[in-house]
Amino acid sequence: MGFNEIEVLLVEDNETDAELTIRALRRKNLANNLVWVKDGEEALEFIFATGRYFEREIHDILKLVLLDLRMPKVDGLEVIRKIKGDERTNKIPIVVLTSSKEDKDIVESYNLGVNSYVSKPVEFDEFREAVSTLGLYWMLLNKSPE
Amino acid sequence: MRILRLFHKSGQEKNKAWLAPAILIGLVVFILLISLVVDGIITEDYFRLLMVLLIVIMTAFLFERIDKVRTLNKMNEKLKKQTEKLKDANEELETFAYSVSHDLRVPLRAIDGFSRILMEDYEDKLDSEGKRLLNIIQENTHKMGQLIDDILLLSRASHQKMKFREIDMEELVKRVFEEQRSSSQSQNVHLKLKHIPPAYGDRTLLQQVFSNLISNSFKFTEPADERIIEVGAENGKNETTYYVKDNGMGFNMKYKDKLFGLFGRLHGTDEFKGTGVGLSIVQRVIRRHGGTVWGEGEINKGATFYFSIPHKKGSEENGF
């Protein structure tokens, strides 16, 4: 699979959460063009086509970035700041998917220009429902500028 | 108490170093006056003595002031240090609550998720005992999740900054009642809402109070045929006392002191669900408003929970 067809970027440091998220998306057939990276640094390399992902085209369409906030190296808020602060990437939809329900995280994320904020439900049924709903919405319903 | 106060008083007088020369000076002036009346003259030595005594008294007075300022400064310093310590402890608690909410949920979701996946993907390979065991795992993860949510609520109830304003308590009760009714899907619960005055406090926290009290009433009236929840208030001189009354299971007054203890429960979990955090939250919130909370009950007759909120004047100083 070439990086250029990738539609979803999952940024998640916790392996079990990542697996549960991918499973939920796969059930709705939304995980075919998905890349999972484990920290903010790798996420930025992917988005800006540097480092490990220098072969990628920065202009290629990314329909959705699913982003955790607490991560090693570069945290989620920093990733939002970089993506939303750059003309080339600021139209990519970012959905924060995190365990945090803290007001300050929500406010800060929106201040930085995030498109949506979803706190991960503990119950797996609800979690699966939440992930597939937002997957369907952002990847099939939502229209991004070409 | 009185003895203590006496000690305190004599201790205070001891500090007044200018008192002795003041008495002396009084004496000298008295003698002076007498000699003035008798002889009609004041000797220069008398006058000098008077001056010296005056200087002594001034110096003593000055020293005392300096001493006072020094002690005050010391106390101030101590207070500053203590405030800082408290601030640190508070911040630490907040970080703790945050990590509880974030870090404990992740493994819990994994346990719930993967046991669910096991149930779905390997259904044909599991016998009924295997499925029963998996169900137990899921039930317990649910309980743990509930517990984490409640602990977090308790921590918020204790540390969240309060925004004081006037709150329409009637509207708040109606809203909470409707919420509970729709989430519990019970149609046979009736709300008897008396006229209750507004309160001066934090809306989010007081909503939490009503939410916990009314959801308790929903829970403990479940076995009754006609379930009635009454909410009313009584206006006192300095405070208003609100109450939530129901005709549910009630409780033995013998245990009234255990009602508000953290994780305290008067019923088995198989009878009534719950984590035993709800009333602790109520108590914390009311205490932060400078009020008190108590409960009355009788087994199989019902329970009434009262809480008082001080009137606007000074309530912000009472709260913390």
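Each chain gets a letter, A, B and so on, in the order its sequence line appears, and its residues count up from 1.
- A side chain to side chain contact (heavy atoms under 4.5 Å, CB included) with B/Arg109 is found for exactly one of A/Thr16, A/Asn14, A/Asp17, namely A/Asp17.
- The 12-atom threshold is not exceeded at CD of B/Glu84, counting heavy atoms of other residues, nucleotides or ligands nearer than 6.0 Å.
- The existence of a salt bridge linking A/Arg128 and B/Glu120 is confirmed by a sub-4.0 Å separation between a basic side-chain nitrogen and an acidic carboxylate oxygen.
- Other residues, nucleotides and ligands place no more than 12 heavy atoms under 6.0 Å from the NZ atom of B/Lys258.
- Looking at B/Asp121 and A/Arg23, a side-chain N of the basic residue comes within less than 4.0 Å of a carboxylate O on the acidic one, giving a salt bridge.
- Annotation for A/Ser99 and B/Val106: closest pair OG-CG2, 3.7 Å, computed over non-hydrogen atoms.
- At a threshold of 4.5 Å between non-hydrogen side-chain atoms, the residues A/Leu20 and B/Ile117 count as touching.
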- Item | Stepwise side-chain contact (heavy atoms from CB on, under 4.5 Å) test for B/Arg105 and A/Lys120 | CA-CA 9 Å; B/Arg105 278 202 177 110; A/Lys120 294 176 188 164; over 6 Å; no
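- For A/Lys28, the NZ atom sits in a loose shell: 12 or fewer heavy atoms of surrounding residues, nucleotides or ligands are nearer than 6.0 Å.
- Atom OH of A/Tyr110 has more than 12 heavy atoms from other residues, nucleotides or ligands within 6.0 Å.
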- Item | A/Phe124 vs B/Gln138, side-chain contact (heavy atoms from CB on, under 4.5 Å): CA-CA, chis, key distance, verdict | CA-CA 10 Å; A/Phe124 181 60; B/Gln138 277 164 22; over 6 Å; no
